[in-house]
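Read the structure below first, then the notes.
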Amino acid sequence: QQQVKQSPQSLIVQKGGISIINCAYENTAFDYFPWYQQFPGKGPALLIAIRPDVSEKKEGRFTISFNKSAKQFSLHIMDSQPGDSATYFCAANPDSWGKLQFGAGTQVVVTP
Amino acid sequence: EAQVTQNPRYLITVTGKKLTVTCSQNMNHEYMSWYRQDPGLGLRQIYYSMNVEVTDKGDVPEGYKVSRKEKRNFPLILESPSPNQTSLYFCASHAGVRADTQYFGPGTRLTVL
């Protein structure tokens, strides 16, 4: 079963709007939470990542919010643009050599 | 340019016909992985390698083999493909013990008839 649960499965947002994707996990050994962005026909690429010692990380229009007690984290895309249309994967990595555990992915479509 | 390359990009084959998908990275990374991507399931790790001649199973290894004879190459072998292995496959590499930043190849879309 998936160790990282991601929602929603798909999302349509108007240009200029806010896209919000949520992820939840159970394994408290996870201590690194990256988000990957995948455009059609391409491999995923690291977008932004956070460690549990901070509650928020912002890079440009992309922000990760992290709630350690609830074991949840989310990606906010502010002022969404058509170029942000992609599939977004959250992931988690345990505190040792380990395998990234990916969520199921969210397809984001930003309409003009 | 730092990159992970995969070949072929597209492959249609029939049940039972052995195939190999090649993967190569030019970043001198020690760690490499293979993933499959299926709708609603995200990316699931098939195998990973920590160095030359060192490999281990990921979450979904059944029906796959790998080898790591050179640091830069990590081929994925399907000795007897079945239709349930129809999927999008990605090779990835990263430096260091932690899989913090993985660099993915462009993907191989495999269809097994």
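Linking Ile, Leu, Val, Met, Phe, Trp and Tyr whenever their side-chain heavy atoms come within less than 4.5 Å leaves Ile20(A) and Phe73(A) in two separate clusters. Under a hydrophobic-cluster definition in which Ile, Leu, Val, Met, Phe, Trp and Tyr are linked whenever side-chain heavy atoms come within less than 4.5 Å, directly or via other members, Leu113(B) and Leu19(B) are assigned to different clusters. Tracing side-chain contacts under 4.5 Å through hydrophobic residues (I, L, V, M, F, W, Y), one reaches Phe62(A) starting from Val13(A); they form part of the same cluster. A chain of hydrophobic side-chain contacts below 4.5 Å, direct or via other Ile, Leu, Val, Met, Phe, Trp or Tyr residues, connects Val4(A) to Ile48(A). When the side chains of ILVMFWY residues are joined at heavy-atom separations under 4.5 Å, either directly or via intervening members, Met32(B) and Tyr89(B) end up in a single hydrophobic cluster.
Contacts with chain A (heavy atom to heavy atom, under 4.5 Å) involve these residues of residues 5-18 of chain B, listed by number: Arg9(B). Within residues 51-68 of chain B, the residues having any heavy atom less than 4.5 Å from a heavy atom of chain A are, in residue-number order, Lys57(B), Gly58(B), Asp59(B).
By the salt bridge (charged side-chain N to carboxylate O under 4.0 Å, His left out) test, Arg44(B) is found to be paired with Asp38(B), residues two or more places apart in sequence or in another chain being considered. Not a single side chain to side chain donor-acceptor pair (under 3.5 Å) links Asp53(A) to another residue, sequence neighbours left out.
The contact between Gln101(A) and chain B is made entirely by side chain atoms (from C-beta outward), counting heavy-atom distances below 4.5 Å.
Within 6.0 Å of the CD1 atom in Ile77(B), the count of heavy atoms belonging to other residues, nucleotides or ligands exceeds 12. Atom CD of Gln3(B) has more than 12 neighbouring heavy atoms from other residues, nucleotides or ligands inside a 6.0 Å radius. Within a 6.0 Å sphere centred on NZ of Lys71(B), other residues, nucleotides and ligands contribute more than 12 heavy atoms. Counting non-hydrogen atoms of other residues, nucleotides and ligands closer than 6.0 Å to CD of Glu26(A) gives a total of 12 or fewer. Enclosure of atom CD in Glu59(A) by more than 12 non-hydrogen atoms of other residues, nucleotides or ligands within 6.0 angstrom is indicated.
Gln38(A) and Gln37(B) share a donor-acceptor pair across their side chains, judged by distance under 3.5 Å alone.
Panel note: side chain Tyr103(B), backbone Ala45(A); no donor-acceptor pair is recorded below 3.5 Å.
Proximity of Pro34(A) to Thr101(B): side-chain heavy atoms (C-beta onward) are nowhere separated by under 4.5 Å. Residues Gln102(B) and Tyr36(A) are in side-chain contact: their nearest non-hydrogen atoms beyond the backbone lie under 4.5 Å apart.
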Start with the C-alpha gap between Phe102(A) and Leu41(B), add the side-chain angles, then the distance that decides, and say whether side-chain contact (heavy atoms from CB on, under 4.5 Å) holds. CA-CA 9 Å; Phe102(A) 285 88; Leu41(B) 296 176; over 6 Å; no
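Taken to the nearest 0.5 Å, the CZ atom of Phe104(B) stands 9.5 Å off from the CG atom of Leu46(A).
Contacts with chain B were tallied for Ala91(A), Pro44(A), Ala104(A); Pro44(A) has the most, counting heavy-atom pairs under 4.5 Å.
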